[in-house]
Amino acid sequence: MALESASLLKAGLVLLLAAHVLPSVSGCHTGYYEMVINKFCLTKFQLDMGVLDRGLWCSWKDTMEIYEGTTNCTYQEALKMDCFWPNQIVDRFFMQIHRIYFHDCALTGRLLHDPPTSILAPFIAVPVLITLLMTALVVWRSKRTEGVL
């Protein structure tokens with residue numbers, strides 16, 4: 001019984017030691033990964049977004065290339081450092097970007113704008129024409145008094 005418990009204790013110590021040593025040797029160093037993506041990927045993103053007019057930040061067409069470049073940057077850095085991708089650090093990283101740059105954007109990611117003239121014109125012209133027609137009809141009818149007296 002004592003021999004069995006001693007070997008079990010040794011096995012437990014070996015596993016405990018392995019749990020502390022192996023991740024630092026072969027795994028991802030998350031603190032360093034976070035620093036690298038903030039230093040390289042976020043800085044590049046901030047520079048690219050700074051060049052873009054602030055009114056276009058919610059336009060997916062205009063920001064897509066910048067956003068994809070930043071996503072690719074976080075992925076490439078994860079590969080270099082043997083980190084899983086995506087991970088919680090990347091999630092927090094993009095949440096921070098969205099909180100700063102995209103918090104005022106519509107959920108669909110599209111800028112709100114007027115509809116094209118081909119759609120807008122009938123919605124304006126039809127009520128105007130009906131109003132003019134009804135006014136003309138009332139004036140014409142008021143001038144014809146036959147059979148009213």
Roughly how far, to the nearest 0.5 Å, is the [atom2] atom of [Y] from the [atom1] atom of [X]?
{"X": "N72", "Y": "E65", "atom1": "CG", "atom2": "CD", "value": "11.5 Å"}
{"X": "E34", "Y": "L42", "atom1": "CD", "atom2": "CG", "value": "11.0 Å"}
{"X": "M134", "Y": "R141", "atom1": "CE", "atom2": "CZ", "value": "12.5 Å"}
{"X": "Y33", "Y": "T30", "atom1": "OH", "atom2": "OG1", "value": "11.0 Å"}

Problem set entry | Exercise: identify the closest heavy-atom pair between S142 and V139 |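 Minimum heavy-atom separation between S142 and V139: OG-O, 2.8 Å.
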
Exercise. Closest heavy-atom contact between T74 and C41?
Worked result: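 Closest approach of T74 to C41, heavy atoms only: N-SG, 3.6 Å.
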
Exercise. If Ile, Leu, Val, Met, Phe, Trp and Tyr residues are connected whenever their side-chain heavy atoms lie under 4.5 Å apart, and connections chain through other members, are L79 and M81 in the same group?
Worked result: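 L79 and M81: one cluster.
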
Problem set entry | Hphob cluster co-occupancy, L47 + I66, side-chain heavy atoms under 4.5 angstrom |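 Different hydrophobic clusters.
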
Seminar exercise, completed: So the salt bridge (Lys or Arg N to Asp or Glu O under 4.0 Å) pairs with at least one residue in residues 68-79 (sequence neighbours excluded) are E77-K80

For this session: Would you mind listing every salt bridge (Lys or Arg N to Asp or Glu O under 4.0 Å) that reaches into residues 46-60, with sequence neighbours excluded?
Result: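 Of all non-adjacent pairs touching residues 46-60, those that pass salt bridge (Lys or Arg N to Asp or Glu O under 4.0 Å) are K44-D48.
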
Exercise. With sequence neighbours left out, what residues match Y75 under ring pair (Phe, Tyr, Trp, His ring centres under 6.0 Å)?
Worked result: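 Y75 satisfies ring pair (Phe, Tyr, Trp, His ring centres under 6.0 Å) with W85 only.
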
Donor-acceptor pairs under 3.5 angstrom involving side-chain atoms of residues 89-105: please list them, not counting sequence neighbours.
from : atom 1 : to   : atom 2 : distance (Å)
H98  : NE2    : Y67  : OH     : 2.7
H103 : ND1    : R99  : O      : 3.2
H103 : ND1    : I100 : O      : 3.4

Exercise. So, does D62 use its side chain to make a donor-acceptor pair with the main chain of S59 at under 3.5 Å?
Worked result: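 Answer holds: no.
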
Donor-acceptor pairs are to be reported for all side-chain atoms of residues 122-133 against protein atoms at under 3.5 Å, with residues two or more places apart or in another chain.
from : atom 1 : to   : atom 2 : distance (Å)
T131 : OG1    : P127 : O      : 2.7

